[in-house]
Amino acid sequence: MFGEQKTEWELAPAGNKFKERTRIANYTGLPELMSMFKQVADVRTADTLDLATPEMKYHIENIEATEFQKTLVQELSDRADDVQSGNIDPSVDNMLRITSDGRKLGLDPRLIDPSFEDHPDTKLNQCVRNVTQIYHDTADEKLTQIIFCDLGVPKKNSQSTDKGESTDEKSASERKSLEEECDFCVYNDIRDKLIQNGVKPEEIAYVHDAKTEQQKADLFDRVNKGEVRVLLGSTGKMGTGTNCQKKLIALHNLDIPWRPSDLQQR
């Protein structure tokens, strides 16, 4: 009723060919559509709520892919061709699995296989260099940094469940996030390299170690005081309700969530 369809050539998911796709191109009768929608919805935007948001300067680090990453990208393309042509059983390989491997490859190939080379020019190692420099440059003021990463998060400790609390109980944001454990732990790798670069171990923390809301509040308080200067966490565990920005100088997005609202919340 409110959309016009249009068929055009689009780049295939594998990025190596074009396919015809029919999608909604334009919307019509939007006032009537909004009138219907507002019968059941009360719309409030950030502008109408006049929410206080911090001022920030965005900086994009453009990291060139290594030769090994380029080779693996070609393998992903070949896998996508096999899936598209139906030459492989979906239970063995599928586009969702290929997309997941692509996200891991963009961050660090070791997320796919821990035995792969630790190349100095990956996004992960560039992040370590940036965090180290800012850490030492702001030592006098004890300014803090946050690293967001949803891939290669620390594995759950079977003994970390507090009394009366189940580790299966997750918030809505945690259930919807793409947080993923891998054989290679990004957090531990970053922590070890930061310590090698002169960052004090007691000034590095994982939000995953805070199992209860009280423990989270205590952790955020330590960050606000500058006692913890580098905090690593995921979109789900450091979403709404995270207030540790009093001494924050930099926030590093190692991976990008699917929803723009998640990136904005970070």
Side-chain angles (χ1 to χ4, degrees), residues 1-6 8 10 21-61 96 99-100 103 106 143-151 153 165-180 205-226 228 230-266:
M1 289 178 63
F2 299 99
E4 294 180 358
Q5 293 186 352
K6 190 175 182 180
E8 290 184 335
E10 290 185 2
R21 298 287 187 188
T22 301
R23 301 188 183 278
I24 297 292
N26 297 298
Y27 290 99
T28 60
L30 284 180
E32 291 79 8
L33 177 59
M34 288 305 299
S35 178
M36 294 172 59
F37 181 62
K38 287 182 177 179
Q39 291 178 17
V40 295
D42 182 31
V43 181
R44 292 289 182 268
T45 65
D47 293 334
T48 59
L49 293 174
D50 193 25
L51 297 173
T53 54
E55 294 182 5
M56 63 173 64
K57 179 180 179 181
Y58 287 96
H59 178 73
I60 298 175
E61 287 278 1
L96 184 61
T99 301
S100 176
R103 292 180 69 231
L143 300 185
T144 60
Q145 301 179 72
I146 292 177
I147 303 173
F148 272 104
C149 185
D150 291 339
L151 293 172
V153 302
E165 184 200 17
S166 170
T167 52
D168 293 331
E169 295 177 359
K170 296 182 178 180
S171 66
S173 59
E174 287 180 279
R175 288 195 299 269
K176 292 178 182 177
S177 72
L178 291 176
E179 183 175 315
E180 186 174 344
Y206 303 166
V207 75
H208 295 72
D209 290 336
K211 303 301 180 182
T212 66
E213 290 303 317
Q214 184 57 52
Q215 290 175 354
K216 272 189 179 182
D218 293 341
L219 173 59
F220 296 155
D221 185 56
R222 291 172 60 209
V223 176
N224 280 328
K225 292 178 180 177
V228 170
V230 180
L231 177 63
L232 293 91
S234 60
T235 306
K237 292 188 181 299
M238 289 201 297
T240 305
T242 299
N243 292 303
C244 56
Q245 68 277 1
K246 289 184 178 180
K247 298 177 76 70
L248 190 65
I249 185 63
L251 186 153
H252 308 268
N253 291 303
L254 266 181
D255 52 12
I256 303 299
W258 291 119
R259 301 176 302 181
S261 60
D262 288 334
L263 189 61
Q264 188 175 29
Q265 181 61 46
R266 289 179 174 189

Separation of [Y] [atom2] from [X] [atom1] (nearest 0.5 Å):
X: K38; Y: L33; atom1: NZ; atom2: CG; value: 11.0 Å
X: L232; Y: Q145; atom1: CG; atom2: CD; value: 10.0 Å
X: F148; Y: I256; atom1: CZ; atom2: CD1; value: 11.0 Å
X: E180; Y: S234; atom1: CD; atom2: OG; value: 12.5 Å
X: M238; Y: F220; atom1: CE; atom2: CZ; value: 7.0 Å

Do you know the tightest heavy-atom contact between [X] and [Y]?
X: T48; Y: T45; value: OG1-O, 2.8 Å
X: L219; Y: A210; value: CD2-CB, 4.4 Å
X: E10; Y: R21; value: OE1-CG, 3.6 Å
X: V228; Y: A205; value: CG1-CB, 3.7 Å
X: D255; Y: D150; value: OD2-N, 2.8 Å

Would you check if [X] and [Y] make a side-chain contact, meaning some heavy-atom pair closer than 4.5 Å?
X: Q5; Y: I24; value: yes
X: D218; Y: D221; value: no
X: E32; Y: M1; value: no
X: T144; Y: L231; value: no
X: Y206; Y: K237; value: no

message: I'd like to know if the side chain of Q215 and the backbone of K211 have a donor-acceptor N/O pair within less than 3.5 Å.
response: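 Present.
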message: Checking the side chain of N224 only, and the main-chain atoms of N243 only, is there a donor and an acceptor separated by less than 3.5 Å?
response: yes
- prompt: How would you list, by chain and number, every residue that makes a ring-ring contact (aromatic ring centres under 6.0 Å, His included) with H208, sequence neighbours excluded?
  reply: Y187
query: For D47, which residues count as a salt bridge (charged side-chain N to carboxylate O under 4.0 Å, His left out) partner, sequence neighbours excluded?
result: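 Residues passing salt bridge (charged side-chain N to carboxylate O under 4.0 Å, His left out) with D47: none at all.
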field: Among Q265, R259, R266, the one residue meeting side-chain hydrogen bond (donor to acceptor under 3.5 Å, both in side chains) with T235
entry: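 It is R266, the one option of Q265, R259, R266 that forms the side-chain hydrogen bond (donor to acceptor under 3.5 Å, both in side chains) with T235.
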Can you confirm whether more than 12 heavy atoms, excluding those of [X], are under 6.0 Å from its [atom1] atom?
X: F37; atom1: CZ; value: no
X: E61; atom1: CD; value: yes
X: M36; atom1: CE; value: no

Carboxylate-amine/guanidinium proximity below 4.0 Å for E4 and K6: no
message: Go through it in stages, so that I can follow the logic: the residues are I146 and L248, the test is side chain to side chain contact (heavy atoms under 4.5 Å, CB included), and I'd like the CA-CA distance, side-chain angles, deciding distance and then a yes or no.
response: CA-CA 8 Å; I146 292 177; L248 190 65; 3.8 Å; yes
